[in-house]
2 protein chains.
Amino acid sequence: MVTIKDVAKKAGVSPSTVSRALSGNASVKESTKQKILEAVKLLNYRPNFLAQGLKEGKTKTIGLIIPNIRNPIYPALARGVEDTAKKFGYSVVLCNTDEDVKAEKEYIQKLRKRWVDGLLIAPAAKETEHIVELQKEGFPMVIIVRNVDFLANAVIIDNFRAAYDAVSFLIKTGHQRIAIIKGNQQLALYRERFRGYKQALLDAGLPVHEELITGDESDSVQWSLDGYNAVYSLFAQNIKFDAVFATTDLRAIGAIRAIKDHGYKVPEDISVIGFDNLEFSSLIDPPLSTVSQPLYDIGVRAVNKLLALINTETMQEPTVEIMSSELIIRRSTR
Amino acid sequence: MVTIKDVAKKAGVSPSTVSRALSGNASVKESTKQKILEAVKLLNYRPNFLAQGLKEGKTKTIGLIIPNIRNPIYPALARGVEDTAKKFGYSVVLCNTDEDVKAEKEYIQKLRKRWVDGLLIAPAAKETEHIVELQKEGFPMVIIVRNVDFLANAVIIDNFRAAYDAVSFLIKTGHQRIAIIKGNQQLALYRERFRGYKQALLDAGLPVHEELITGDESDSVQWSLDGYNAVYSLFAQNIKFDAVFATTDLRAIGAIRAIKDHGYKVPEDISVIGFDNLEFSSLIDPPLSTVSQPLYDIGVRAVNKLLALINTETMQEPTVEIMSSELIIRRSTR
DNA sequence: TTTAATAATGCAAACGTTTCTATAATATAT
DNA sequence: ATATATTATAGAAACGTTTGCATTATTAAA
């Protein structure tokens with residue numbers, strides 16, 4: 001490996017001069033600068049990042065901790081994160097926890113060995129002491145997508161509101177018996193969506209029917225199966241319903257399939273509305289009505305926030321930023 | 001930040017003893033070891049990764065350079081990479097090039113500042129001197145998914161064979177006029193798939209009709225549009241066809257939509273076969289027949305190969321590893 | 001017990017930078 | 001020409017580790 005000393009020798013100057021010439025934050029004679037640049041080119045010198053980082057106490061790297069990049073909501077988020085990080089000269093380390101708190105803890109441990117300057121976390125589940133801990137220590141960190149039950153820096157959407165609006169839309173368009181596929185109630189985000197569903201019914205003077213509340217609590221990648229099974233069992237029990245509010249697009253897709261398999265039509269017989277607005281949700285048949293989460297923008301905002309945190313030494317009161325979601329009506333609702 | 005010296009002081013020993021106690025590759029008395037461990041716990045000491053890396057000359061980090069994590073073939077690959085890297089104590093830095101050679105070069109430059117121990121690259125396009133360069137320098141690197149026109153360490157599938165088999169299947173099941181949506185011919189992988197298509201026709205004694213070769217050369221994320229447009233224009237020109245071989249699932253989905261929009265049925269009137277076997281390809285209507293790429297496994301193999309490269313000092317002849325693809329027949333073909 | 005072998009520990013150098021301090025070279029004002 | 005201010009450069013210390021070498025403490029053998 002070629003070091004700054006080699007360059008210095010080649011150019012006939014001291015290492016410190018090379019450093020100054022390269023960093024540009026001290027004056028060095030133009031002629032020597034040229035010599036140095038020449039030597040750099042000749043030897044194909046690249047400053048050693050580790051040495052620099054060690055000296056400066058930062059790595060220009062952030063960690064992105066998410067449950068699973070294969071869950072189709074995360075690629076867009078990751079892109080938002082990576083693009084923004086890159087823009088400011090930062091790199092992104094990708095970590096998948098598979099909803100496992102233990103894995104999450106291990107990653108945090110690992111990344112904290114002065115590895116990364118800050119962390120973006122979509123927390124695994126309810127247990128969050130390790131995150132509280134992190135915050136207490138003043139480590140730069142922002143929570144994304146999934147809110148957490150204490151005040152922390154976060155960039156999220158208002159899941160209650162979004163669900164409320166989606167269900168209200170269904171009600172307004174004449175649906176009376178709206179089933180919900182409720183998602184893992186361990187996660188605040190699904191609890192919120194569930195709450196939004198109930199509140200919308202209540203506010204419209206409609207009853208919340210126990211039998212229309214479906215979906216299991218598991219969190220598998222094959223989420224669409226949950227949607228399929230939920231609707232399937234509704235039919236099996238001969239429960240009538242004229243709409244389905246699925247708490248994810250994947251579940252909505254499963255629901256649509258189950259409805260079709262039973263010989264009903266979407267949206268003529270049963271309307272289906274999803275949540276997420278995945279890239280391919282417009283591609284299915286019928287194109288899915290859904291709530292759009294600004295995932296890319298969440299990533300962008302989160303990185304901005306994180307870098308602000310990294311670059312201020314004074315500890316500030318955490319703030320949560322609510323990004324606006326949007327109801328997208330396509331053709332799975334009448 | 002708490003350093004090894006702090007621990008040493010607290011435990012009443014020298015830093016070197018702490019280092020030895022922690023690394024475990026030298027004998028240290030049990031009682032002192034306990035004292036040290038206690039001090040570590042008490043002070044919440046974490047070894048500084050940068051210092052370690054600087055000393056040892058490696059970072060236990062690899063770079064994953066891909067066009068775009070939002071392209072749905074990459075999440076599975078990334079997961080394979082990350083899981084395997086993690087298994088061996090490595091971290092993964094994610095880089096999206098957007099098919100831009102310049103961005104790719106910049107990333108390689110950046111990551112090479114002794115940042116990463118090795119690189120996994122799905123190259124952007126035809127221009128590959130910078131990759132040749134990398135290889136010449138003996139930098140650990142393996143090419144993934146997209147083969148390259150020189151001999152390099154790579155983990156790929158046999159795109160020619162896979163396309164050949166898919167089209168042969170179509171022919172065997174009675175299709176005569178098979179259209180292809182050909183993909184960006186700048187990329188070897190699409191050239192290979194195209195070649196497989198032609199060869200299958202030839203070997204079956206069928207003509208290669210110019211008018212059935214469709215699709216533009218662009219590489220946008222909204223790939224399904226290419227499929228839609230291609231089939232749309234076939235109808236517009238009143239060209240008859242009884243099957244479509246789409247070079248990606250996304251294009252296949254677009255194609256199906258266009259076929260439906262024109263009042264035809266898949267697969268009764270026209271069969272469609274895709275390529276990739278994305279997670280949601282089984283979820284569309286009808287479930288898509290396609291060629292399955294073992295993306296996760298490609299990631300796994302590639303990391304194994306890369307780590308082998310990293311851990312051998314002697315430069316070896318590059319080898320390319322062909323993973324086997326699989327024809328998955330669902331319901332979009334008759 | 002004394003000596004030899006082994007185990008445990010400390011010291012200092014090294015990894016490749018950056019930056020502080022000091023000195024040398026040059027330019028500017030008198 | 002001399003004194004002063006400025007600019008350019010070198011030297012050395014520091015960042016937090018690990019490790020080779022030297023030293024000291026401990027154990028085993030005689």
Side-chain angles (χ1 to χ4, degrees), chain A residues 1-40 43-61 89 109-117 313, chain B residues 1-40 43-61 89 109-117 313:
Chain A
M1 131 156 269
V2 25
T3 76
I4 202 169
K5 287 181 194 162
D6 301 320
V7 177
K9 198 176 296 173
K10 188 108 207 164
V13 295
S14 78
S16 40
T17 305
V18 175
S19 174
R20 278 184 284 255
L22 262 31
S23 73
N25 43 18
S27 52
V28 23
K29 218 205 301 182
E30 189 54 34
S31 62
T32 45
K33 192 173 201 166
Q34 286 313 318
K35 270 191 300 182
I36 289 168
L37 257 28
E38 214 166 294
V40 164
L43 299 174
N44 192 22
Y45 166 71
R46 272 180 271 271
N48 182 319
F49 171 86
L50 292 171
Q52 287 184 160
L54 178 57
K55 191 71 198 160
E56 293 170 4
K58 44 177 59 189
T59 60
K60 287 260 190 177
T61 304
Q109 281 298 320
K110 187 172 175 182
L111 295 179
R112 282 210 53 194
K113 298 183 176 178
R114 295 299 308 127
W115 221 127
V116 299
D117 295 342
E313 52 309 309
Chain B
M1 131 157 266
V2 27
T3 76
I4 201 169
K5 286 182 194 162
D6 300 321
V7 176
K9 198 176 295 173
K10 188 111 210 161
V13 295
S14 76
S16 38
T17 304
V18 176
S19 173
R20 276 185 280 255
L22 262 31
S23 73
N25 43 18
S27 51
V28 23
K29 219 206 297 184
E30 191 54 35
S31 62
T32 45
K33 191 173 202 166
Q34 287 315 318
K35 270 191 299 182
I36 289 169
L37 258 28
E38 214 167 294
V40 164
L43 300 174
N44 193 21
Y45 166 71
R46 272 180 270 272
N48 181 319
F49 171 84
L50 292 171
Q52 287 184 161
L54 177 58
K55 190 71 195 160
E56 294 169 1
K58 44 177 58 188
T59 60
K60 288 258 191 178
T61 304
Q109 280 299 319
K110 185 172 177 184
L111 294 179
R112 281 211 54 195
K113 296 183 176 178
R114 294 303 303 132
W115 222 126
V116 298
D117 296 342
E313 50 312 308

Below 30° counts as parallel, above 60° as perpendicular, anything between as tilted: where do the rings of A:Trp115 and B:Trp115 land? tilted
Show the nearest heavy-atom pair for residues A:Val28 and A:Thr32, with the distance to one decimal. CG2-OG1, 3.4 Å
Closest non-hydrogen contact found for A:Gln52 with A:Pro47 is OE1-CB, 3.3 Å
Encode nucleotides 14-23 of chain D as B, S and - characters from 5' to 3', where the letter depends on protein heavy atoms closer than 4.0 Å: B to the base, S only to sugar-phosphate, - to neither. BBBBBBB---
Partners of B:Glu56 by side chain to side chain donor-acceptor pair (under 3.5 Å), sequence neighbours excluded? none
As a check of understanding: the bend across the helix from C:dT1-D:dA30 to C:dT30-D:dA1, end axes from five pairs, rounded to 10 degrees, works out to 40°
Specify the closest pair of heavy atoms between A:Met1 and A:Arg46, including all atoms of both residues, with the distance to one decimal. CE-O, 4.5 Å
Those residues at least two apart in sequence (or on a different chain) that pass side chain to side chain donor-acceptor pair (under 3.5 Å) with B:Asp117 are B:Thr59
Just jot down the side chain to side chain donor-acceptor pair (under 3.5 Å) partners of B:Gln34, sequence neighbours excluded, or say none. B:Glu30
Under the side chain to side chain donor-acceptor pair (under 3.5 Å) test, residues paired with B:Asn44 that sit two or more places apart: none
Can you give me the closest heavy-atom contact between B:Leu50 and A:Gly53, atom names plus distance? CD1-C, 3.6 Å
Please list every donor-acceptor pair under 3.5 Å in which a side-chain atom of residues 9-22 of chain A meets a protein atom from a residue at least two apart or in another chain.
{"unit_1": "A:Ser14", "atom_1": "OG", "unit_2": "A:Ser16", "atom_2": "N", "d": "3.4"}
{"unit_1": "A:Ser14", "atom_1": "OG", "unit_2": "A:Ser16", "atom_2": "OG", "d": "2.8"}
{"unit_1": "A:Ser14", "atom_1": "OG", "unit_2": "A:Thr17", "atom_2": "N", "d": "3.4"}
{"unit_1": "A:Ser14", "atom_1": "OG", "unit_2": "A:Thr17", "atom_2": "OG1", "d": "3.2"}
{"unit_1": "A:Ser16", "atom_1": "OG", "unit_2": "A:Arg20", "atom_2": "NH2", "d": "3.4"}

Close N/O contacts between protein and nucleotides 4-8 of chain D (under 3.5 Å):
{"unit_1": "D:dA8", "atom_1": "OP2", "unit_2": "A:Ser27", "atom_2": "OG", "d": "2.8"}

